[in-house]
Amino acid sequence: MIHEFLQQLDEPFTGEALFDHLSDIVYFIKDRSGAYLVVNTTLQQRCGMQTKAQLLGRTPCEVFRSPLGNRFQEQDQRVLKTGKPLLS
């Protein structure tokens with residue numbers, strides 16, 4: 001039933017517009033390589049970017065200084081490898 005509903009949408013629902021209105025939450029979707037596909041305004045602003053497009057296609061190592069970018073990228077790989085979410 002939900003699958004049928006989602007197929008009726010013009011574009012895939014990524015949550016981007018919703019999370020743009022939650023200024024205390026960083027939201028993003030990444031691909032398997034860790035590159036950003038969708039980001040919200042909070043992440044854009046915290047990274048000092050003028051537009052969201054400046055983040056798209058880039059990995060945490062390309063956006064954040066070491067060791068932070070490396071840590072984020074390692075966390076991504078751990079989640080993909082184990083299938084377990086990061087909590088807290």
Side-chain angles (χ1 to χ4, degrees):
M1 184 167 155
I2 291 177
H3 180 69
E4 293 168 357
F5 170 74
L6 292 175
Q7 287 182 328
Q8 294 176 18
L9 298 175
D10 286 335
E11 295 181 23
F13 178 75
T14 63
E16 180 182 354
L18 171 67
F19 284 98
D20 275 344
H21 296 283
L22 302 173
S23 61
D24 59 336
I25 295 175
V26 170
Y27 174 78
F28 52 84
I29 298 174
K30 297 178 185 175
D31 64 17
R32 288 193 161 274
S33 72
Y36 293 104
L37 298 175
V38 174
V39 299
N40 72 338
T41 303
T42 302
L43 180 61
Q44 170 205 329
Q45 292 171 346
R46 288 188 184 181
C47 291
M49 302 294 178
Q50 296 296 315
T51 67
K52 292 179 186 180
Q54 292 173 292
L55 288 168
L56 302 183
R58 297 173 70 185
T59 66
C61 287
E62 296 170 316
V63 174
F64 300 98
R65 291 185 199 166
S66 187
L68 193 58
N70 292 335
R71 185 166 34 130
F72 290 156
Q73 202 145 332
E74 288 168 6
Q75 289 173 344
D76 293 342
Q77 293 307 309
R78 187 173 350 127
V79 168
L80 288 172
K81 189 180 230 179
T82 66
K84 295 179 182 178
L86 295 175
L87 304 174
S88 300

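Side chains are part of it too, since the values below use all heavy atoms of this structure and drop only hydrogens, waters and symmetry mates.
Here the straight-line distance linking atom NZ of Lys84 with atom CZ of Arg78 works out to 11.0 Å at 0.5 Å rounding. For the atom pair OG1 (Thr51) and CG (Leu56), the distance works out to 8.0 Å, reported to the nearest 0.5 Å. Interatomic distance, CG of Asn40 versus CD of Gln45, reported as 8.5 Å (0.5 Å rounding). The distance from the CE atom of Met49 to the CG atom of Leu55 is 5.0 Å, given to the nearest 0.5 Å.
Here the shortest heavy-atom pairing between Pro60 and Gly34 reads CD-O, 3.3 Å. Of all the heavy atoms in Ser33 and Gln73, the pair that sits closest is O-NE2, 4.4 Å.
The closest side-chain heavy-atom distance from Tyr36 to Leu43 is below 4.5 Å.
Hydrophobic cluster membership differs between Leu68 and Val79, with clusters built from Ile, Leu, Val, Met, Phe, Trp and Tyr side chains linked at under 4.5 angstrom.
Listed by first then second residue, pairs satisfying salt bridge (Lys or Arg N to Asp or Glu O under 4.0 Å) with a partner in residues 47-73 read Glu16-Lys52, Asp20-Lys52, not counting sequence neighbours. A ring-ring contact (aromatic ring centres under 6.0 Å, His included) check over residues 66-88, counting only residues at least two apart or in different chains, returns the pairs Phe64-Phe72.
For the pair Gln77 (side chain) and Glu74 (backbone), a donor-acceptor distance under 3.5 Å is absent.
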Side-chain polar contacts of residues 21-30 - donor-acceptor pairs under 3.5 angstrom, sequence neighbours left out - could you list them?
residue, atom, partner, partner atom, Å
Tyr27, OH, Thr14, O, 2.2
Lys30, NZ, Asp76, OD1, 3.3
Lys30, NZ, Asp76, OD2, 2.7

